[in-house]
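Atoms within each ligand, like the ligands themselves, are counted from 1 in listed order.
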Amino acid sequence: MSSPLRISIAKANLATATRLADLGRQTFTETFAVDNKPADMAAYLVATYGPELQLAQLQDPHCTYLLAEMQGQTVGYLQLWQGSMLGLGADSPNAKQLEIKQLYIIEDWIGTGLGKALMRRALDIAQADGCTAVVLGVWEHNERAKAFYQRFGFREVGEVAFKLGEDVQRDLIFRKGLAGR
Ligand SMILES: CC(C)(COP(=O)(O)OP(=O)(O)OC[C@H]1O[C@@H](n2cnc3c(N)ncnc32)[C@H](O)[C@@H]1OP(=O)(O)O)[C@@H](O)C(=O)NCCC(=O)NCCS
């Protein structure tokens with residue numbers, strides 16, 4: 001029997017942008033509201049999610065969104081940026097990094113293999129594009145995500161500040177070098 005999971009590259013239109021904004025707001029809240037102040041969460045959500053913001057990202061040639069759909073419902077997504085300088089100095093002209101900016105599965109579907117499927121697709125894209133590495137930032141206290149990335153061979157290579165409203169947090173930079181590059 002074929003898998004009911006469908007992974008697709010999001011199209012740049014307002015309906016998709018609206019779906020992504022709703023999904024982003026929902027999953028960020030599910031993941032981080034419990035550990036952060038409501039005012040910081042509210043400020044971040046307003047600044048980060050909205051149909052016009054996600055539409056601009058969808059129209060940016062450096063950005064790719066992958067959608068995970070089960071029975072027609074979007075239950076997770078992954079946002080990629082080409083040409084990321086995360087963790088690099090200005091003197092690294094030969095690096096070609098793909099950054100996973102966001103990877104979120106809705107609560108009910110966590111632990112069912114969707115994160116792995118999205119990650120595999122992202123790594124395939126990076127390989128096909130001739131990237132030297134895949135990089136990402138993860139909150140230092142997000143143990144579940146850190147363990148997930150480590151299982152894929154990502155290793156900590158640095159840190160970067162992340163502003164959630166007024167709260168300046170510490171994100172760890174994780175990197176996975178790609179074979180032969
Ligand atoms: C992190 C996240 C994307 C992982 O996706 P997922 O769909 O839950 O993970 P999967 O079910 O695909 O698991 C893939 C593999 O990792 C393992 N895994 C998943 N979570 C793990 C954990 N916390 N610790 C160790 N292993 C873990 C699974 O057992 C599975 O292993 P297997 O291949 O041997 O079966 C998901 O938990 C999520 O969306 N979390 C909330 C949002 C978030 O924190 N995003 C990251 C922000 S940087």
*In terms of atom number and element, which parts of ligand 1 are under 4.0 angstrom from non-hydrogen atoms of Ala145?*
44 (O), 46 (C)

*At a non-hydrogen distance cut-off of under 4.0 Å, which region of Thr31 contacts ligand 1 (side chain, backbone, both, or neither)?*
side chain

*Does Asn142, backbone or side chain, put an N or O under 3.5 Å from an N or O of ligand 1?*
yes

_Check this for me, if you would: do Asp22 and Arg19 make a salt bridge, where the nitrogen-to-carboxylate-oxygen distance has to be below 4.0 angstrom?_
no

*Give the residue and atom name of whichever protein heavy atom lies nearest to atom 45 (N) of ligand 1, and the separation in Å to one decimal.*
Leu103 O, 2.8 Å

_Atoms of ligand 1, numbered as shown, that sit under 4.0 Å from any heavy atom of Gly113_ = 10 (P), 11 (O), 12 (O)

*Thr112 N/O to ligand 1 N/O under 3.5 Å*: yes

*Subset of ligand 1 atoms that lie under 4.0 Å from at least one heavy atom of Arg144*: 22 (C), 23 (N), 37 (O), 40 (N), 41 (C)

*Looking only at heavy atoms, which two atoms of Ala126 and Leu98 are closest? And how far apart?*
CB-CD2, 3.7 Å

*Which atoms of ligand 1 are found less than 4.0 Å from any heavy atom of Ala147?*
22 (C), 24 (N), 25 (C)

*Looking only at protein heavy atoms, identify the closest one to atom 38 (C) of ligand 1 and say how far it is in Å.*
Ile110 CD1, 3.7 Å

*Report the part of Glu30 (side chain from C-beta onward, or backbone N, CA, C, O) that has a heavy atom under 4.0 Å from ligand 1; answer both or neither where that applies.*
neither

_Students should be able to answer this: which protein heavy-atom is nearest to atom 35 (O) of ligand 1, and at what distance?_
Lys116 NZ, 3.6 Å

*Answer yes or no for atom 17 (C) of ligand 1: protein heavy atom present at a distance under 4.0 Å?*
yes

*Which of the ligand 1 atoms, numbered from 1, are nearer than 4.0 Å to a heavy atom of Gly111*: 6 (P), 7 (O), 8 (O), 11 (O)

*How close do Met85 and Gln97 get, heavy atom to heavy atom, and via which atoms?*
C-NE2, 3.9 Å

*Determine the minimum heavy-atom distance between Ala17 and Pro51, stating which atoms define it.*
CB-O, 3.3 Å

*Could you list which atoms of ligand 1 come closer than 4.0 Å to a heavy atom of Arg151?*
16 (O), 17 (C), 25 (C), 26 (N), 27 (C), 31 (O), 32 (P), 33 (O), 34 (O)

_Counting non-hydrogen protein atoms only, what is the nearest one to atom 13 (O) of ligand 1? Give residue, atom name and distance._
Phe148 CE1, 4.0 Å

*Work out which heavy atom in Ile106 is nearest to a heavy atom in Gln73; give both atom names and the distance.*
CD1-NE2, 3.9 Å

*Using protein heavy atoms only, decide if any is under 4.0 Å from atom 41 (C) of ligand 1.*
yes

*Do Leu20 and Trp81 belong together in a cluster built from hydrophobic side chains that touch within less than 4.5 Å?*
no

*Kindly confirm or rule out an N or O of Glu143 lying under 3.5 angstrom from an N or O of ligand 1.*
no

*Name the orientation class of the two ring planes belonging to Tyr149 and Phe174 (parallel below 30°, tilted from 30 to 60°, perpendicular beyond 60°).*
perpendicular

*If every non-hydrogen atom of Val135 is compared with every non-hydrogen atom of Ser84, which pair is closest and at what distance?*
CG2-OG, 3.9 Å

_Sub-4.0 Å atoms of ligand 1 with respect to non-hydrogen atoms of Gly115_ = 5 (O), 6 (P), 7 (O), 12 (O)

*Applying a strict 4.0 Å limit to heavy atoms, is Tyr149 in contact with ligand 1?*
yes

_Check the orientation of Tyr104 and Phe32. Use parallel for under 30°, tilted for 30 to 60°, and perpendicular for over 60°._
perpendicular

*Any donor-acceptor pair under 3.5 Å linking the side chain of Asp129 with the backbone of Cys131?*
no

*Full working for side-chain contact (heavy atoms from CB on, under 4.5 Å) between Phe148 and Leu103*: CA-CA 11 Å; Phe148 172 83; Leu103 169 55; 3.7 Å; yes

_What protein heavy atom lies closest to atom 39 (O) of ligand 1? Include the residue and the distance to one decimal._
Ile105 N, 2.9 Å

*At a 4.0 Å threshold, what atoms of ligand 1 neighbour a non-hydrogen atom of Leu114?*
7 (O), 12 (O)

*For the residue pair Tyr65 and Tyr77, does the interplanar ring angle fall in the parallel (under 30°), tilted (30 to 60°) or perpendicular (over 60°) class?*
tilted

*Please name the pair of heavy atoms, one in Leu118 and one in Gly76, separated by the smallest distance, quoted to 0.1 Å.*
CD1-C, 4.2 Å

_Proximity of Leu118 to ligand 1 by residue part, where a heavy atom lies under 4.0 Å_ = neither

